[in-house]
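By convention in this document, chain letters (A, B, ...) are assigned in the order of the sequence lines, proteins followed by strands, and residues within each chain are numbered from 1.
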Protein chains: 2
Amino acid sequence: MDENIVPDVVISRLPWYLQTLKQIADEGMQTVSSSLLAEKLGSTATQIRRDLSNFGGFGKQGRGYTIDNLIEELENILNMDRIWPMIIVGAGDLGRALARYQGFQNQGLKVAMLFDNAPDVVGTLVGKLRVKHVDSMREEVKSNRIKIAIITVPANSAQEIADLLVEAGIQAILNYAPVTLVVQSSVRVQHIDPTLHLQRMLYYLDEY
Amino acid sequence: MDENIVPDVVISRLPWYLQTLKQIADEGMQTVSSSLLAEKLGSTATQIRRDLSNFGGFGKQGRGYTIDNLIEELENILNMDRIWPMIIVGAGDLGRALARYQGFQNQGLKVAMLFDNAPDVVGTLVGKLRVKHVDSMREEVKSNRIKIAIITVPANSAQEIADLLVEAGIQAILNYAPVTLVVQSSVRVQHIDPTLHLQRMLYYLDEY
DNA sequence: TAGATTGTTAATCGATTAACAATC
DNA sequence: TAGATTGTTAATCGATTAACAATC
């Protein structure tokens with residue numbers, strides 16, 4: 001009973017499927033075949049079917065998938081049956097933009113608190129959130145059992161913040177600081193760095 | 001003469017290596033072994049050596065790699081020997097944050113222009129850039145031979161903007177809109193979507 | 001020279017794709 | 001029923017890892 005582990009590559013594609021399914025639903029469709037979905041995603045029908053089959057048979061032969069049903073199944077798989085409170089650490093341009101971001105709505109996610117350490121920033125209002133001091137962060141994370149943190153502090157303090165967060169019980173980190181964070185393997189880290197994404201594409205650019 | 005194609009997985013790791021090498025250089029070190037670098041990256045020595053060997057032998061047996069030299073080699077491979085001008089489309093919270101972002105400095109990248117279509121935004125100043133109207137975008141991209149665009153417009157207009165950009169000659173798109181863009185295969189797209197990254201981690205979270 | 005570490009080959013592992021019987 | 005499309009098995013493809021001779 002331990003070879004039922006679903007590969008992380010598969011997991012990483014589920015939110016992507018979900019996003020496009022919701023879009024198709026908005027367009028008023030009721031069902032999709034794996035091949036239609038593949039077309040919208042720039043993926044392949046076989047891969048989608050194989051990915052989904054890790055979790056059960058959600059489709060019907062000859063008919064495809066009921067969109068609303070598949071959306072619900074994916075949301076359950078991804079633990080989106082509740083709203084996960086998140087904290088943002090760093091109330092700079094990016095941290096504030098993320099605090100105001102509307103895109104987390106209906107995605108099982110919600111920014112609950114925003115922290116910084118600059119005296120002139122702490123106490124100011126960002127959207128509906130008042131910036132709290134980092135000194136209170138450990139306690140807030142613990143007592144509210146918060147599991148997810150978004151780091152938008154400068155590169156040189158990101159690791160320190162990450163250590164503090166992990167110690168306080170954070171299990172998932174979305175890191176916007178341009179450094180590779182080192183954490184214990186039970187903690188998930190996703191690194192978003194525009195520079196890295198752009199440089200990766202630079203390689204393929206024609207000279208002019 | 002066509003089986004010298006380096007896999008994209010390898011290319012995607014080079015900016016990551018570069019980032020950490022620069023960091024190590026800042027700490028005053030002169031050389032690194034693949035195993036030390038691997039440790040800093042949470043990668044493996046073998047993978048680093050194999051990745052680099054796609055481009056030549058940059059190290060010396062028994063000694064490792066000269067950091068400055070390896071940085072230079074990677075920068076050349078990634079076409080970072082010049083500064084690539086980029087445009088940002090969408091001057092919302094995120095677009096403005098990116099326009100002011102200092103992290104593109106010394107990375108071969110520079111935000112050259114910022115576009116929007118809202119009358120009350122066009123003409124305003126963001127950092128040192130004045131927001132231009134989207135109507136002039138096609139012409140600006142063409143005449144300045146700009147190859148890279150960052151899209152931060154709402155989901156429902158992202159595909160339309162992408163089509164326009166590709167037609168104007170853009171070859172690389174960093175997409176922050178929460179939709180999968182469909183473009184011809186000669187154009188590179190990287191999708192940055194905090195929701196997708198977060199949901200991917202949700203799967204692994206403990207219940208409480 | 002002896003020790004360390006590279007670059008590379010061969011072995012392993014894992015992920016994608018093709019194909020098709022099952023079935024709506 | 002006939003046609004369409006799933007879920008799954010087996011084949012292929014590609015990427016990672018192990019191991020070691022070459023060499024600084």
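Pairing for D/dT16 is with C/dA11, a Watson-Crick or G-U wobble pair whose two hydrogen-bonding atom distances lie under 3.5 Å. When both pairing distances are held under 3.5 Å, D/dA21 makes a Watson-Crick or G-U pair with C/dT6.
Here D/dC24 presents its P atom at 10 Å from CZ of B/Arg63, a figure rounded to the nearest Å. Summarising the geometry, the separation between CG on A/Asp51 and C1' on C/dT17 is reported as 12 Å, rounded to the nearest angstrom. Computed from coordinates, the A/Leu36 CG to D/dT5 P distance equals 10 Å when rounded to whole Å. Between B/Phe58 atom CZ and C/dT8 atom P there is a gap of 11 Å when expressed in whole angstrom units. In this structure, the CD1 atom of A/Ile48 is 16 Å from the P atom of D/dT8, given to the nearest Å. Nucleotide D/dG7 holds its C1' atom 10 Å from the CG atom of A/Leu52, rounded to whole Å. Spacing between atom CG of B/Leu70 and atom P of C/dT6 amounts to 11 Å, rounded to whole angstrom units. Regarding B/Lys60, its NZ atom lies at a distance of 18 Å from the C1' atom of C/dG3, rounded to whole Å.
Closest approach to the A/Val9 side chain among C/dT16, D/dT16, C/dC24 is made by C/dT16 (side chain taken as heavy atoms from C-beta onward).
The environment of CD in B/Glu27 is crowded: more than 12 heavy-atom neighbours from other residues, nucleotides or ligands sit within 6.0 Å. Counting non-hydrogen atoms of neighbouring residues, nucleotides and ligands closer than 6.0 angstrom, the CG atom of B/Asn106 reaches no more than 12 such neighbours.
Applying the 4.0 Å criterion to OP1 and OP2 of C/dT16, one finds that A/Arg13 has a side-chain N or O inside that range. The shortest distance between the side-chain N/O atoms of A/Thr46 and the OP1/OP2 oxygens of C/dT16 is not below 4.0 Å. Proximity of B/Arg49 to the phosphate of C/dT6: a side-chain N or O atom is located under 4.0 Å from OP1 or OP2. Between B/Gln61 and the phosphate of C/dA4, there is no side-chain N or O to OP1/OP2 separation shorter than 4.0 Å. Contact annotation: A/Tyr65 side-chain N/O to D/dG7 OP1/OP2 distance is under 4.0 Å. At D/dT6, one or more side-chain N or O atoms of A/Ser34 fall inside 4.0 Å of OP1 or OP2 (strictly under the cut-off).
Of the residues near DNA chain C, A/Gly62 and A/Gln47, the one whose nearest nucleotide (by heavy atom distance) lies more toward the 5' end is A/Gln47. When the nearest nucleotides of DNA chain C are assigned to B/Ser35 and A/Asp8 by heavy-atom distance, the more 5′-ward of the two goes with B/Ser35.
In plain terms, the two heavy atoms of B/Ala155 and B/Ala177 that are nearest each other are CA-CB, 4.3 Å.
Here B/Phe58 and B/Phe55 keep their ring centres 6.0 angstrom or further from each other.
Side-chain contact, B/Asp68 with B/Gln30: no donor N or O sits under 3.5 Å from an acceptor N or O.
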